[in-house]
Amino acid sequence: QGQLVESGGGLVQTGDSLRLSCAASGRTPNFYVMGWFRQAPGKEREFVAAISWTVSGTVYSDSLKGRFTISRDNAKNTVYLQMNSLKPDDTAVYYCAARDGFISYSRYSYYTTYAYWGQGTQVTVSS
C-alpha cells in the first residue's frame, strides 16, 4: 500500500526559508491533485496550497499567496512547498494530502477533498 511521506521540516528563525517535500511511495494511484495543509496547536487544520497533477493548476490560501509556492516533480512523484519569509505564525505541523479522482479547483481547499494523507512534518519558526 502506498503512502505519502513528508520531509524538510525543522526549526528556523523569522525571515528564513524552508522547503517541504512530499513523496508518494509504494503502490499509490495516479493522483489528480496534491496539496498542503497545516495545523497549529489548538487550531483547526488550515489549507495552504494545492496543485493539479495534470495541468499544474495551483490554488493558494489568500493569506499565504506570495510567500509560499507549491510545485511538483512528476518523474519523482513528489510535491514541494517552498516557504519564504517565515513568521512565528507559520509554526505548525504541515501535512501533505492527495486525491486520485477529478475535482474542480473550487474544492481544492477543502480537507474532505483528500483521501490520502501523510503523517506531517513539524515546522517551528522562532522570533
Side-chain angles (χ1 to χ4, degrees):
Q1 186 172 352
Q3 59 179 345
L4 303 177
V5 180
E6 302 101 334
S7 62
L11 173 63
V12 297
Q13 295 183 336
T14 297
D16 285 351
S17 297
L18 208 56
R19 188 177 81 156
L20 306 182
S21 300
C22 172
S25 65
R27 298 180 64 182
T28 56
N30 294 322
F31 294 128
Y32 181 82
V33 57
M34 295 186 73
W36 289 95
F37 287 74
R38 69 184 186 181
Q39 188 165 19
K43 295 186 177 181
E44 294 185 353
R45 193 164 296 193
E46 174 189 16
F47 171 73
V48 175
I51 185 167
S52 166
W53 215 246
T54 56
V55 297
S56 292
T58 57
V59 176
Y60 290 93
S61 164
D62 288 342
S63 64
L64 299 175
K65 191 174 185 178
R67 291 196 300 124
F68 289 14
T69 303
I70 190 170
S71 61
R72 71 168 200 253
D73 184 331
N74 286 14
K76 296 182 178 179
N77 221 14
T78 298
V79 65
Y80 303 98
L81 183 69
Q82 177 67 41
M83 305 184 295
N84 298 328
S85 302
L86 284 164
K87 307 173 183 179
D89 284 349
D90 295 319
T91 295
V93 177
Y94 284 72
Y95 296 92
C96 176
R99 175 185 174 89
D100 60 349
F102 170 81
I103 199 163
S104 68
Y105 284 118
S106 65
R107 303 294 300 180
Y108 280 19
S109 63
Y110 292 82
Y111 74 87
T112 52
T113 289
Y114 304 89
Y116 302 87
W117 290 86
Q119 293 300 308
T121 184
Q122 176 70 46
V123 173
T124 303
V125 184
S126 64
S127 57

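These numbers come from a predicted model, not from an experiment.
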Donor-acceptor under 3.5 Å ([X] side chain, [Y] main chain):
| X | Y | answer |
| --- | --- | --- |
| Thr28 | Ser25 | no |
| Thr14 | Ser126 | yes |
| Arg99 | Gly101 | yes |
| Ser52 | Gly57 | no |
| Arg19 | Tyr80 | no |
| Arg107 | Thr113 | no |

Might you point out which heavy atoms bring [X] and [Y] nearest each other, and give the distance in Å?
| X | Y | value |
| --- | --- | --- |
| Val48 | Tyr94 | CG2-CE2, 4.4 Å |
| Gly120 | Val93 | CA-CG1, 3.8 Å |
| Thr91 | Val125 | OG1-N, 2.9 Å |
| Ala92 | Gln122 | O-NE2, 3.4 Å |
| Ala49 | Leu81 | CB-CD1, 4.4 Å |
| Gln82 | Ser17 | NE2-CB, 3.8 Å |

Cluster check [X], [Y]: I/L/V/M/F/W/Y, side chain < 4.5 angstrom:
| X | Y | result |
| --- | --- | --- |
| Phe68 | Phe47 | no |
| Phe37 | Trp53 | no |
| Leu64 | Leu18 | yes |
| Met34 | Val59 | no |
| Trp36 | Trp117 | no |

[X] atom [atom1], neighbour heavy-atom count above 12 within 6.0 Å:
| X | atom1 | answer |
| --- | --- | --- |
| Asn74 | CG | yes |
| Tyr110 | OH | no |
| Tyr111 | OH | no |

Student check: side-chain heavy atoms of [X] and [Y] closer than 4.5 Å:
| X | Y | answer |
| --- | --- | --- |
| Met83 | Val123 | yes |
| Phe31 | Tyr116 | yes |
| Tyr108 | Thr58 | no |
| Thr69 | Tyr60 | yes |
| Val79 | Ile70 | yes |
| Ser63 | Glu46 | yes |

Q | Inter- and intrachain pairs under disulfide bond (SG atoms under 2.5 Å apart), touching residues 31-113, at least two apart | A | Cys22-Cys96
Q. Which pairs, with at least one residue in residues 25-82 and sequence neighbours excluded, count as a disulfide bond (SG atoms under 2.5 Å apart)?
A. none
Q. How would you list, by chain and number, every residue that makes a side chain to side chain donor-acceptor pair (under 3.5 Å) with Tyr114, sequence neighbours excluded?
A. none
Q: From the options Arg38, Gln119, Arg45, select the one residue that forms a side-chain contact (heavy atoms from CB on, under 4.5 Å) with Tyr95.
A: Arg45
